[in-house]
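Below is one structure, written out as structure tokens; comments come after it.
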Amino acid sequence: MPKLPAARSPLAMHLALALTFGFMPAALLPVLAAAAAPASAPVTVKIDNFVFGPAAITVAPGTTVTWVNEDDIPHNIVADDKSFRSKVLDTDEKFSFTFTKPGEYGYFCGLHPHMTGKVIVKAG
Amino acid sequence: MDHHDHSGPKAGADRRGFLKCMGGWAGAGALYSVSGGVMSSIGLDQAIGAPAKAASFTFLQVSDSHVGFNKPANPDAAATYKEAVGKILALPKKPDFIIHTGDITQLSKDQEFDDADQIIKATRLPVFHVPGEHDMLDEGQGKAYLGRFGKGTQGQGWYSFDHKGVHFVGLINVANLKPGGMGSLGGDQLEWLERDLAHRPASQPIVVFAHIPLWTVYADWGWGTDDAAQALSYLKRFGSVTVLNGHIHQITQKVEGNVAFHTARSTAFPQPVGGQGPSPGPLKVPTEQLHSMLGITTASVVHGKHDIALVDDTLA
Ligand SMILES: [Cu+2]
């Protein structure tokens, strides 16, 4: 279960409480349904031994994908079409990007371009 | 940036051009001794009236110093780089200059570049650089490197110069890499190379240096350069071509026709033989083994002989 973001509004606090206690006011249901849809929960891609894992993921629009470098060599994340590009990630450093539009996003490591991955964004 | 052609007949191989290049020098590693090839015809040096004549000399190659690296198996890559400098200072024959084939730093940080400069300066030798992918990690994707070493170079930093009858070409194959690809030279650089070599006599010895190998050592790990064949096609007619690379942190060599390929050891950490291990990450060897897997290369150019002799020494 991903961690909830820090409560920033009364609504978010209600939501947090509702999740904690399983109590769900009817007015909050649509919000909760959107927030809890499994496809838009944050997704992590690990970089381990010069491989993106998993190499291909399918997510809903609005999903934030986070890459974590678990190698002792730096890597970075570059979209094939250059629509996003991380700074260099040293060991244990992370990069996140939120995919809003449906489509297929190929990416690679700008240092080691034989390392490739793909994010498929489509409405569930 | 000051873009002039070191090898062109005008600004080319004049002394000032050469000295300018030397201003950008900053690394040390392998020592190459270049042997003069068949220099009976008029070499470029004479053609442009430069005083340099074909003669025997040695030069060094150092590579992959990764200053800033501090993980197993080497907690201090700056320290082993200093040891390499100590090795250079102790050489029986003083080399004319040093070629550093890239990955000067680990993360392209200013401090790392500064530290690397300080270390190699202790050799008091001119140092010619090309960048590795680790030297392109600043926000400007290589601007920091070019700011330090780009003076008098073309494009992303490529250049050539002549020394005692031998033509040296520094190529960049770590810029604008393509998804799924390996190293890349790119159309602009290839065009420049073709022009740079076009009017040279086939008898002139050529030394080409770049970070990633210019032949495919192991494709699955990206150990090769996608468009190297094009570059090598321009070199085919020359009688003596020596290709010096780094990147893979181990010695490999191959001879194909008149072209001798060689990769140098790193001064920082070893890497596995291609495919022998889960990844091309650092090979974590016991501390007592580390120094025997790091090293520098000496090249000897003997005037009148065809091949450049390469000798690899470890830091052990
Ligand atoms: Cu990488």
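Below, all heavy atoms of this structure are taken into account, side chains as well, without hydrogens, waters or symmetry copies. Below, read A as the first sequence line, B as the second, and so on, with proteins coming before strands; counting in each chain starts at 1.
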* Structure fact -> If one checks every heavy atom of Asp220(B) against chain A at 4.5 Å, the contacting part turns out to be backbone
* **Audit row: Asp114(B), Lys109(B), salt bridge (charged side-chain N to carboxylate O under 4.0 Å, His left out) steps and yes/no** => CA-CA 9 Å; Asp114(B) 287 347; Lys109(B) 292 177 180 170; over 6 Å; no
* **Asp71(A) portion near chain B, given a 4.5 angstrom heavy-atom threshold** => neither
* Check: Phe99(A) ring centre within less than 6.0 Å of Phe84(A) ring centre -> yes
* Would you say the side-chain atoms of Asp227(B) pair up with the backbone N or O of Gln230(B), donor to acceptor, closer than 3.5 Å? -> no
* Do you know which of Met136(B), His134(B), His66(B) has the most heavy-atom pairs under 4.5 Å to chain A? -> His134(B)
* Structure fact -> Of the listed Asp48(A), Val51(A), Val78(A), Asp80(A), the one with the largest count of heavy-atom pairs under 4.5 Å with chain B is Asp80(A)
* Which bit of Gln141(B) comes within less than 4.5 Å of chain A, counting heavy atoms only: side chain, backbone, both or neither? -> side chain
* Any side-chain donor-acceptor pair under 3.5 Å between Thr263(B) and Thr252(B)? -> yes
* Pair Thr105(B), Asp135(B): side-chain N/O donor-acceptor within cut-off below 3.5 Å -> yes
* So what's closer than 4.5 Å to chain A heavy atoms on Lys178(B): side chain, backbone, both or neither? -> backbone
* Indicate whether the side chain of Ser184(B) and that of Asn173(B) have a donor and an acceptor atom separated by less than 3.5 Å. => no
* Would the Phe50(A) and His75(A) ring centres measure less than 6.0 Å apart? -> yes
* Asked: How would you list, in number order, the residues of residues 269-293 of chain B that have a heavy atom less than 4.5 Å from chain A?
  -> Phe269(B), Pro278(B), Ser279(B), Pro280(B), Gly281(B), Pro282(B), Lys284(B)
* Pair Trp67(A) and Tyr107(A), ring centroids less than 6.0 Å apart -> yes
* Structure fact -> Heaviest contributor of heavy-atom pairs below 4.5 Å to chain B, chosen from Ile73(A), Asp72(A), Thr116(A), is Asp72(A)
* Asked: Side chains of His247(B) and His211(B): do they bring a donor and an acceptor to under 3.5 Å?
  -> yes
